[in-house]
Amino acid sequence: MLVSQHGILFNAASDTVRAHRHPELDRVLHIFDVYWHGIRSATACLPGHKAAISHKHLPDADALAYLCAYIAKHNISQVCYQGFSENALAIAKFLRNEFGAALSQYVITHVSPAQFQNHFEMVMIREMLNGLKSGVFQKLGSVKPRFSGVVPAFWPKTLINLAPNVGALPTLRNPDTVLIPVENNWRKNLYTNALAGIHCEEITKVQVVNWPIEIANVVGVEKLEWLPFMRPPQILAQVASCAAILHASLIECQPMTQLEGLAVGTPCITARLGVHAEIDQHPLSQLCEVEFADDVGALSQTLTNICRYWRRDAAGLSAMIEDQLELRKHLSMQSYLEFLS
């Protein structure tokens, strides 16, 4: 329901259809930006109510009145801001004035310190800290491991992201195809991933959603296949049909691409993530993580290992993926329960 032209979008299907449930977290309200797609995707998997706002326009008076009525009607006592903007801060101050101590408010940042080059991120950290000092917020948290080592006022543990809650897709898997669903920028490391896929002898098709321009100057591109625009259900089906996802990005903390892959039974190759000791030590992480994100040879060898695993023991690999999904779900719920306590 869109309350007004510049209002708030409550519980859109795209923000709820893949959510998990938890009796103690279902009454939390998560507020996030409709345009920040990675954060929105991560929030969509969490239990609780969902409210999408825009950093471009502050909700009008009618929308804010509806927000208060919604909170009261659903007996919501905790609000989490997933990501942060000036408009999120304005809403938080408004709710503090309306509900006082009856409503606890929290901020969860999804930013990496490398992104502080964007001055906006440092300004938002300052505003979070000011809100914590003034009592607008009860806690500040992060999905970036060890973020309290950067900003000590943040909660010292890591909020663990969930994979989308989707059932198995009846898709025929191609064990010689790899998918690289990343943007063409330095942070997403498209060229390194593409080269790793091209150099892997087990792979005959390297699917990309963004073409690595001029890569033909370095290597043959016969294996490369560009995929046109796809909607989320089509993307998931594509992910479910390949041997692996290549997503060794340079500053990722908990890539939703990885979690979306695991949700449909497809492993994702990443650099070391260091999210949680139990996840780090899991056999799937040992199989899929490489030490350095720009090591083409290591990425190619890891992809080779996964392709051979599919051919040798597909059931075993699927069981390994399912086991890590259950572990992540347990750790995610545990982290939110502790953070919100």
Side-chain angles (χ1 to χ4, degrees), residues 1 8-33 36 38-53 67 70-83 88 92 95 99 102-110 137-145 147 154-168 232 236 253-256 258-265 273 275-279 282 284 321-341:
M1 178 195 305
I8 304 171
L9 183 65
F10 288 91
N11 295 323
S14 59
D15 299 323
T16 57
V17 70
R18 295 172 184 162
H20 293 264
R21 302 296 301 274
H22 190 286
E24 296 179 63
L25 298 172
D26 285 343
R27 291 196 307 183
V28 176
L29 172 63
H30 297 275
I31 297 179
F32 53 92
D33 197 284
W36 297 345
I39 296 174
R40 187 179 186 182
S41 296
T43 307
C45 303
L46 296 171
H49 301 261
K50 311 295 167 61
I53 64 172
L67 174 61
Y70 186 94
I71 289 171
K73 177 182 178 180
H74 294 280
N75 198 25
I76 291 166
S77 60
Q78 295 171 310
V79 173
C80 282
Y81 297 89
Q82 300 280 351
L95 292 179
F99 291 94
L103 185 69
S104 298
Q105 300 190 90
Y106 307 80
V107 184
I108 299 171
T109 182
H110 294 245
F137 305 120
Q138 276 58 60
K139 286 182 187 175
L140 308 177
S142 176
V143 302
K144 180 67 178 176
F147 194 79
F154 276 68
W155 191 55
K157 298 186 180 181
T158 306
L159 278 304
I160 307 297
N161 283 345
L162 276 167
N165 186 17
V166 297
L236 278 180
C253 45
Q254 298 186 52
M256 281 309 298
Q258 177 198 41
L259 295 173
E260 289 161 354
L262 297 182
V264 295
L273 298 176
V275 175
H276 189 283
E278 289 186 64
I279 298 175
H282 193 275
L284 185 67
I321 293 170
E322 186 62 32
D323 185 72
Q324 186 170 119
L325 276 173
E326 286 301 310
L327 171 63
R328 284 174 175 266
K329 181 178 178 180
H330 167 73
L331 292 174
S332 177
M333 300 299 188
Q334 187 180 61
S335 69
Y336 270 90
L337 288 170
E338 187 175 352
F339 178 66
L340 298 174
S341 64

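Everything numeric here is computed off the predicted structure, so don't read it as measured data.
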Worksheet entry | Check: Asn75 and Arg27 side chains under 4.5 Å, non-hydrogen atoms | yes
Worksheet item: Excluding sequence neighbours, so at least two apart, what forms side-chain contact (heavy atoms from CB on, under 4.5 Å) with Ala42?
Response: His110, Asn161, Met256
Fill in: Side-chain heavy-atom pair Ile321, Leu284 within 4.5 angstrom cut-off
yes
Worksheet item: Under 3.5 Å, is there a donor-acceptor pair between the side chain of Asp15 and the main chain of Ala44?
Response: no
Worksheet entry | Flag, side chain of His30 to backbone of Pro47, donor-acceptor distance under 3.5 Å | yes
Practice prompt. Kindly write out the residues that satisfy ring-ring contact (aromatic ring centres under 6.0 Å, His included) with His49, not counting sequence neighbours, or none if the list is empty.
Written response: Tyr70, His74
Worksheet item: Could you give all pairs that pass the salt bridge (Lys or Arg N to Asp or Glu O under 4.0 Å) test and reach residues 322-341, with sequence neighbours left out?
Response: Lys157-Glu338
Fill in: Cys80 side chain near Leu340 side chain, heavy-atom distance below 4.5 Å
yes
Worksheet entry | Non-neighbouring partners of Tyr81 that pass side chain to side chain donor-acceptor pair (under 3.5 Å), sequence neighbours left out | Gln105
Fill in: Approximate separation, where rounding is to 0.5 Å, of Phe339 CZ and Lys139 NZ
6.5 Å
Worksheet, complete the sentence: For Pro145 and Val143, the nearest pair of non-hydrogen atoms, with its separation, is CD-O, 3.4 Å
Fill in: Minimum heavy-atom distance Val264-Val166, with the two atoms named
CG1-CG2, 4.0 Å
Item to complete: Kindly indicate whether the side chain of Arg40, heavy atoms from C-beta on, has any atom under 4.5 Å from the side chain of Thr43.
Response: no
Discussion item. For a quick test of reading the model, state the closest non-hydrogen atom pair linking Trp36 to Gly83 and the distance between them.
Written reply: CZ3-C, 4.4 Å
Discussion item. Which residues pass the ring-ring contact (aromatic ring centres under 6.0 Å, His included) test with Tyr336, not counting sequence neighbours?
Written reply: none
Worksheet item: Taking only residues two or more places apart in sequence, or in another chain, which ones meet Asn165 in a side chain to side chain donor-acceptor pair (under 3.5 Å)?
Response: none
Worksheet item: Does Gln82 reach the side chain of Leu159, with side-chain heavy atoms less than 4.5 Å apart?
Response: no
Practice prompt. Mind checking the CD1-CG spacing from Ile76 to Leu103? Nearest 0.5 Å is all I need.
Written response: 8.5 Å
Worksheet entry | Whether Lys50 side chain and Thr16 backbone form a donor-acceptor pair below 3.5 Å | no
Worksheet item: Under the ring-ring contact (aromatic ring centres under 6.0 Å, His included) test, which residues partner Phe32, sequence neighbours left out?
Response: none
Discussion item. On a heavy-atom basis, which atom in Leu9 and which in Ala12 lie closest, and how many Å separate them?
Written reply: CD2-CB, 3.7 Å
Fill in: Heavy-atom check, side chain of Leu273 versus side chain of Pro255, under 4.5 Å
yes
Discussion item. So, using side-chain contact (heavy atoms from CB on, under 4.5 Å) as the criterion, who are the partners of Ser77 when residues are at least two apart?
Written reply: none
Fill in: Rounded distance [0.5 Å steps], CD1 in Ile71 versus CZ in Phe99
4.5 Å
Fill in: Residues forming a side-chain contact (heavy atoms from CB on, under 4.5 Å) with Leu337, sequence neighbours excluded
His22, Glu24, Leu25
Discussion item. Is any side-chain heavy atom of Ser335 closer than 4.5 Å to one of His276?
Written reply: no
Discussion item. Is the shortest side-chain heavy-atom distance between Gln254 and Ser332 below 4.5 Å?
Written reply: no
Discussion item. Ala51: which residues meet the side-chain contact (heavy atoms from CB on, under 4.5 Å) condition with it, sequence neighbours left out?
Written reply: Ile8, Phe10, Leu29, Ile31
Discussion item. Please give me the minimum heavy-atom distance between Pro164 and Ala263, naming the atom from each residue.
Written reply: O-CB, 3.5 Å
